[in-house]
Every structure is written in structure tokens, then in C-alpha cells.
Amino acid sequence: MKTLLIEVLVLVIVGVLSIIEGIRLVFAEKLQMYDVLGPGFYNLGMGAILVIVGLIYFVVERKKIPRIEKKSAVKQSTGNSEYRKMMIGMIIAMIAYILLMDWIGYLLASLVFFFLINRIVGFRSWLTNLSITAAMTVSFYLIFVVWLGMIFPRGVLLNF
């Protein structure tokens, strides 16, 4: 239960901070001159989504706690090491993503990142992993680059 509360608090606090920053940016007149929608509305929306998802996550996971606590008493020793390995793998994948983005660009770095994350999370089938990786990369590219017009690194080695 303690872990669940910490997870929810992190989501809600980050969401509230994003909402506050969004409100500040909405009223910053200089930024609104260049973009009709402005960066503030993006922060407001993402912050609201984080708060809502955090609260939904709390409600859903709270119902599962009695069942999980019974099972975790048996698997407590093995579960911690698997969880630790998964978290270390995700941190390494994120660091690789950050470093690769400048060298090979957003699109290819995202392909590598999503493939590694899906593998760490548990997609063992190569076909499933590649399909989901491609779908995620295309979705994020369409949303952030095409639709929202965000500029991401093109890469030093591969210029696309």
C-alpha cells in the first residue's frame, strides 16, 4: 500500500506542477505570439491527464491489494530481484535513448528505445515486439512531429 501511495503521489504532484506551469505559460504573452495554441495548453492538458491517470490508477490498484499481499508473501524474495533487474534495464534503455537521439535522430532512437522497453516489460515474441515497436514509433512521430509540429533531433550520423 505504501508503494502505491508513493506512485500515485508522484503522478499527482508532477501533474499539478505541470498544470501550474501551464497556467503560467498561458498568461505569458510573449510566447503566445508565435504559437496560437501555445506551450501552456500542452502542459495543462498533460498535467490534467497525469492527475486523472494517477487517481484512476490508485482506485484500480487499491482493489487488488488484498489479493496481491497474499501472493507476495510467498514470492517476496524472488520478486524484488526481478523488479530490480527490470528497473535497471529501463534506466539503461532511457540513458541509451538520450545518447542515441543526438547521434541517430529521434526516429531511429525511438525504434531502438521502444524495442528495448517492450523486451524488458515482457514481449518475448519478436513479431509482437517489432509490431508494437513500429506502431508506437509511428504514433509518437505522427502526434509529436507531424501534428504538434515539434522539432526533434535529426541525428549527426543519419540526417533524417
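For clarity, every value in this text was computed on a predicted model and none was experimentally measured. If you read the sequence from its start, that first residue is 1, and numbering goes on from there. FYI, side chains are in, hydrogens and waters are out, and symmetry mates aren't considered; it's all heavy atoms of this structure.
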Show the nearest heavy-atom pair for residues [X] and [Y], with the distance to one decimal.
X: Leu44; Y: Ile19; value: CD2-O, 3.5 Å
X: Tyr97; Y: Ser110; value: OH-OG, 3.0 Å
X: Leu111; Y: Thr133; value: O-CG2, 3.3 Å

Hey, any chance [X] and [Y] share a hydrophobic cluster, counting ILVMFWY side chains that come within less than 4.5 Å of each other, even indirectly?
X: Leu55; Y: Val14; result: no
X: Leu116; Y: Ile92; result: no
X: Ile117; Y: Ile143; result: yes
X: Val145; Y: Leu107; result: yes
X: Leu142; Y: Phe144; result: yes

Point to revise | Check against side chain to side chain contact (heavy atoms under 4.5 Å, CB included), Leu108 and Val112 | key: CA-CA 6 Å; Leu108 291 177; Val112 171; 5.7 Å; no
With rounding to the nearest 0.5 angstrom, report the [atom1] to [atom2] distance, [X] to [Y].
X: Phe123; Y: Ser131; atom1: CZ; atom2: OG; answer: 10.0 Å
X: Ile88; Y: Ile120; atom1: CD1; atom2: CD1; answer: 10.5 Å
X: Phe115; Y: Asn129; atom1: CZ; atom2: CG; answer: 4.5 Å

Check your understanding: Does the side chain to side chain contact (heavy atoms under 4.5 Å, CB included) test come out yes or no for Arg124 and Arg119, once each step is laid out?
Key -> CA-CA 6 Å; Arg124 296 296 171 225; Arg119 194 81 176 152; 3.9 Å; yes
Check your understanding: Can you say whether the rings of Phe114 and Phe140 are parallel (under 30°), tilted (30 to 60°) or perpendicular (over 60°)?
Key -> tilted
Review point. Can you check side chain to side chain contact (heavy atoms under 4.5 Å, CB included) on Leu5 and Phe58, steps first, answer last?
Key: CA-CA 8 Å; Leu5 289 174; Phe58 177 74; 3.6 Å; yes
Check your understanding: Would Val51 and Leu11 satisfy side chain to side chain contact (heavy atoms under 4.5 Å, CB included), going step by step from the backbone distance to the final call?
Key -> CA-CA 6 Å; Val51 170; Leu11 284 172; over 6 Å; no
Check your understanding: Is the distance between the ring centroids of Tyr141 and Trp147 under 6.0 Å?
Key ->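 Ring centroids of Tyr141 and Trp147 are no less than 6.0 Å from each other.
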Practice item. State, with a plain yes or no, whether a side-chain heavy atom of Phe113 is found less than 4.5 Å away from one of Met94. Key: yes
Review point. Just wondering, more than 12 heavy atoms not from Met90 lying within 6.0 Å of its CE?
Key: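 Counting other residues, nucleotides and ligands, CE of Met90 exceeds 12 neighbours.
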**Study point:** N-O pairing of Glu82 and Lys85 below 4.0 Å
**Key:** no
Review point. Does the side chain of Ser18 pick up a donor-acceptor pair with the side chain of Asn43 at under 3.5 Å?
Key: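 Ser18 vs Asn43: no donor-acceptor pair found between side chains.
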